[in-house]
Amino acid sequence: MFETINPAPEDSILGLTVAFQKDSNPNKINLGVGVYKDGNGQTPVLATVKEAEERLLRSEATKSYLPIDGLAAYAALSQQIVFGSGHDILAAGRAATVQTPGGTGALRVAADFVRRISPQATVWLSDPTWPNHPNVFASAALQVQTYPYFEAETNSVAFDRMMAALETIPTGDVLLLHACCHNPTGADLSPQQWQAVAAVCAERGVLPLLDFAYQGFGDGLDEDATGVRFVAEQCRELLVAGSYSKNFGLYNERVGALTLVAANSEVAEAAHSHLKICVRTNYSNPPAHGGQIVAEILGDPDLRQRWEAELADMRNRINDMRHLFVETLDELGAGRDFSFIAQQRGMFSFSGLTPEQVQALRERHSVYVVGSGRINVAGMTEANVERLCSAIVDVLK
């Protein structure tokens with residue numbers, strides 16, 4: 001049976017890391033995979049995470065399974081961080097959450113849930129989007145379509161074209177929206193645009209699915225939740241796929257959450273039972289350690305305050321690197337306006353580099369960028385930014 005299998009293509013992003021690791025150039029730079037790096041080029045373990053782990057180690061009494069939907073405290077705290085403590089949705093019991101293996105796990109559970117309750121639904125993705133989005137939904141046997149999102153000429157959201165497309169999406173279909181820090185472009189909707197999108201979803205009976213992988217990496221925890229909360233105001237039903245990989249630095253712990261909002265508590269409870277079936281038939285129940293860390297930090301006022309300060313430091317470093325990158329390119333005579341990168345948010349931006357220029361960066365300078373030209377701003381440091389910008393100026397000639 002296996003002898004007939006041909007090798008599958010490498011993942012377009014993770015495969016880049018393999019090539020980077022094999023590169024012997026001591027000055028190589030990796031701007032591919034979406035992992036936060038500090039000023040020393042390392043992915044740190046947050047001090048609050050270390051403290052929470054030490055507490056858990058001292059108090060741990062069992063390694064037994066978690067429930068199918070995960071830790072109850074984790075679910076409640078995840079709902080609060082998305083919607084805000086005391087939100088009407090939470091008070092009315094309209095939300096149900098399952099703990100998942102990372103944000104990708106949350107998306108896959110959402111896909112399986114949609115397939116289970118509405119197999120004819122099409123999932124609409126922004127063009128462009130995270131390259132794994134279409135794979136996740138196609139693997140759940142769902143149809144996938146795209147809507148316009150980005151205007152390359154202006155390096156901004158193509159909002160008029162986006163809205164024209166959304167107004168044609170059939171009732172019952174699913175609209176995936178990046179809640180903040182759009183991956184791969186870094187171009188986000190304004191609050192007014194979010195209100196318009198929410199109104200279209202409500203009017204057309206479209207199910208919003210918000211991918212909320214970067215809360216706190218844009219402008220702040222509450223600020224980054226603006227879009228989700230506007231959608232929740234106008235739509236009786238929605239799904240939110242969250243991740244703690246970035247804002248807690250818990251990449252290898254695989255800590256995510258899928259939150260479902262329904263019209264009332266009875267419907268939420270019924271839908272929750274189907275989410276649990278999707279989990280049970282996939283990975284059965286989630287891993288405990290990462291979820292316990294998040295619950296420990298969010299549930300302790302002192303730890304949470306210190307974690308928010310660490311998150312602000314990460315966010316500010318990324319924004320500082322955006323500005324330094326633009327300024328350095330200008331100083332080195334790039335001959336092109338890159339100022340849009342300083343205005344965007346999150347870890348990623350579309351650089352505007354062509355596939356040929358991306359290839360030249362890799363071959364001539366050992367600078368690794370996704371073929372689309374997407375750059376991970378968090379991979380830049382004060383030590384490598386001048387070398388990076390010189391390489392870009394070279395391939396732009």
Side-chain angles (χ1 to χ4, degrees), residues 79 82-84 87-96 106-107 110-111 113-129 133-134 137 140 142-151 156-182 185 187-212 222-242 258-268 270-272 274-275:
Q79 292 173 13
V82 170
F83 297 106
H87 194 283
D88 290 346
I89 286 175
L90 308 187
R94 292 175 52 205
L107 290 167
F113 174 73
V114 170
R115 175 67 181 173
R116 181 178 180 85
I117 64 167
S118 188
Q120 76 286 351
T122 294
V123 180
W124 293 79
L125 307 174
S126 67
D127 181 15
T129 194
H133 273 150
F137 295 103
L142 291 169
Q143 295 297 313
V144 175
Q145 296 284 351
T146 62
Y147 60 89
Y149 184 82
F150 189 67
E151 202 72 72
S156 61
V157 177
F159 189 66
D160 290 343
R161 291 196 294 125
M162 174 183 175
M163 288 300 293
L166 299 194
E167 289 166 358
T168 68
I169 295 180
T171 298
D173 278 0
V174 178
L175 176 64
L176 188 140
L177 298 159
H178 297 236
C180 70
C181 305
H182 185 273
T185 69
D188 286 346
L189 299 172
S190 69
Q192 294 75 20
Q193 290 171 335
W194 271 114
Q195 288 179 312
V197 169
V200 168
C201 290
E203 178 186 340
R204 298 199 61 80
V206 171
L207 177 64
L209 167 54
L210 294 112
D211 188 344
F212 206 1
D222 286 325
E223 293 88 343
D224 292 350
T226 296
V228 176
R229 295 174 189 178
F230 275 139
V231 171
E233 284 179 8
Q234 300 198 46
C235 299
R236 297 195 307 165
E237 299 178 344
L238 63 143
L239 295 167
V240 183
L258 177 65
T259 296
L260 173 150
V261 175
N264 56 56
S265 59
E266 291 78 16
V267 176
H272 189 200
H274 288 270
L275 287 179

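Heavy-atom basis, side chains included; hydrogens, waters and symmetry copies ignored. Please read these numbers as outputs of a predicted model, since none were measured by experiment.
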All pairs passing salt bridge (Lys or Arg N to Asp or Glu O under 4.0 Å) where residues 226-237 contributes a residue, at least two apart: Asp222-Arg229
What pair of heavy atoms forms the shortest contact from [X] to [Y], and how long is it?
X: Ala121; Y: Val174; result: CB-CG2, 4.5 Å
X: Ile117; Y: Pro119; result: C-CD, 3.8 Å
X: Pro134; Y: Val144; result: O-CG2, 4.2 Å
X: Arg161; Y: Pro148; result: NH1-CB, 3.5 Å
X: Cys235; Y: Arg94; result: O-NH2, 4.1 Å
X: Phe150; Y: Ala158; result: C-CB, 3.9 Å

Any non-hydrogen side-chain atom of Val200 less than 4.5 Å from a side-chain atom of Val206? no
May I ask you to test the Cys201-Leu175 pair for a side-chain heavy-atom distance under 4.5 Å? yes
Intermediate values then yes/no, side chain to side chain contact (heavy atoms under 4.5 Å, CB included), Thr259 and Phe212: CA-CA 11 Å; Thr259 296; Phe212 206 1; over 6 Å; no
Examine distances only and state if a side-chain atom of [X] and a backbone atom of [Y] form a donor-acceptor pair shorter than 3.5 Å.
X: Tyr149; Y: Thr129; result: no
X: Ser126; Y: Pro128; result: yes
X: Asp188; Y: Cys181; result: yes

To the nearest 0.5 Å, what is the distance between [atom1] ([X]) and [atom2] ([Y])?
X: Leu238; Y: Leu210; atom1: CG; atom2: CG; result: 6.5 Å
X: Leu176; Y: Leu207; atom1: CG; atom2: CG; result: 10.5 Å
X: Arg116; Y: Leu275; atom1: CZ; atom2: CG; result: 10.0 Å
X: His272; Y: Phe113; atom1: NE2; atom2: CZ; result: 10.5 Å
X: Gln234; Y: Gln195; atom1: CD; atom2: CD; result: 7.0 Å

His87: which residues meet the ring pair (Phe, Tyr, Trp, His ring centres under 6.0 Å) condition with it, sequence neighbours left out? Phe83
For residues 164-173, please give each side-chain donor-acceptor pair under 3.5 Å, one per line with the distance, not counting sequence neighbours.
from   : atom 1 : to     : atom 2 : distance (Å)
Thr168 : OG1    : Ala165 : O      : 2.7
Thr171 : OG1    : Arg204 : O      : 2.6
Asp173 : OD1    : Thr122 : N      : 3.1
Asp173 : OD2    : Trp124 : NE1    : 3.0

Could you work out, with side chain to side chain contact (heavy atoms under 4.5 Å, CB included) as the rule, every residue matching Ala262, not counting sequence neighbours? Leu260, Val267, Ala268
Which residues satisfy the side chain to side chain contact (heavy atoms under 4.5 Å, CB included) test with Pro191, sequence neighbours excluded? Thr226, Phe230
What verdict does the side chain to side chain contact (heavy atoms under 4.5 Å, CB included) test give for Tyr147 and Leu177, after you've listed the backbone C-alpha separation in whole Å, the side-chain angles of each residue and the deciding distance to 0.1 Å? CA-CA 11 Å; Tyr147 60 89; Leu177 298 159; 3.6 Å; yes
Quick one, Met162 with Val197, criterion side chain to side chain contact (heavy atoms under 4.5 Å, CB included). Give me CA distance, side-chain angles, the key distance, then yes/no. CA-CA 9 Å; Met162 174 183 175; Val197 169; 3.9 Å; yes
Within the supplied structure, the quantity of interest is the number of heavy atoms (other residues, nucleotides, ligands) at a distance under 6.0 Å from Glu203 CD; does it exceed 12? no
Would you please name every residue forming a side chain to side chain donor-acceptor pair (under 3.5 Å) with Ser156, sequence neighbours left out? Thr154
Would you call the rings of His133 and His178 parallel, tilted or perpendicular, where under 30° means parallel and over 60° means perpendicular? perpendicular
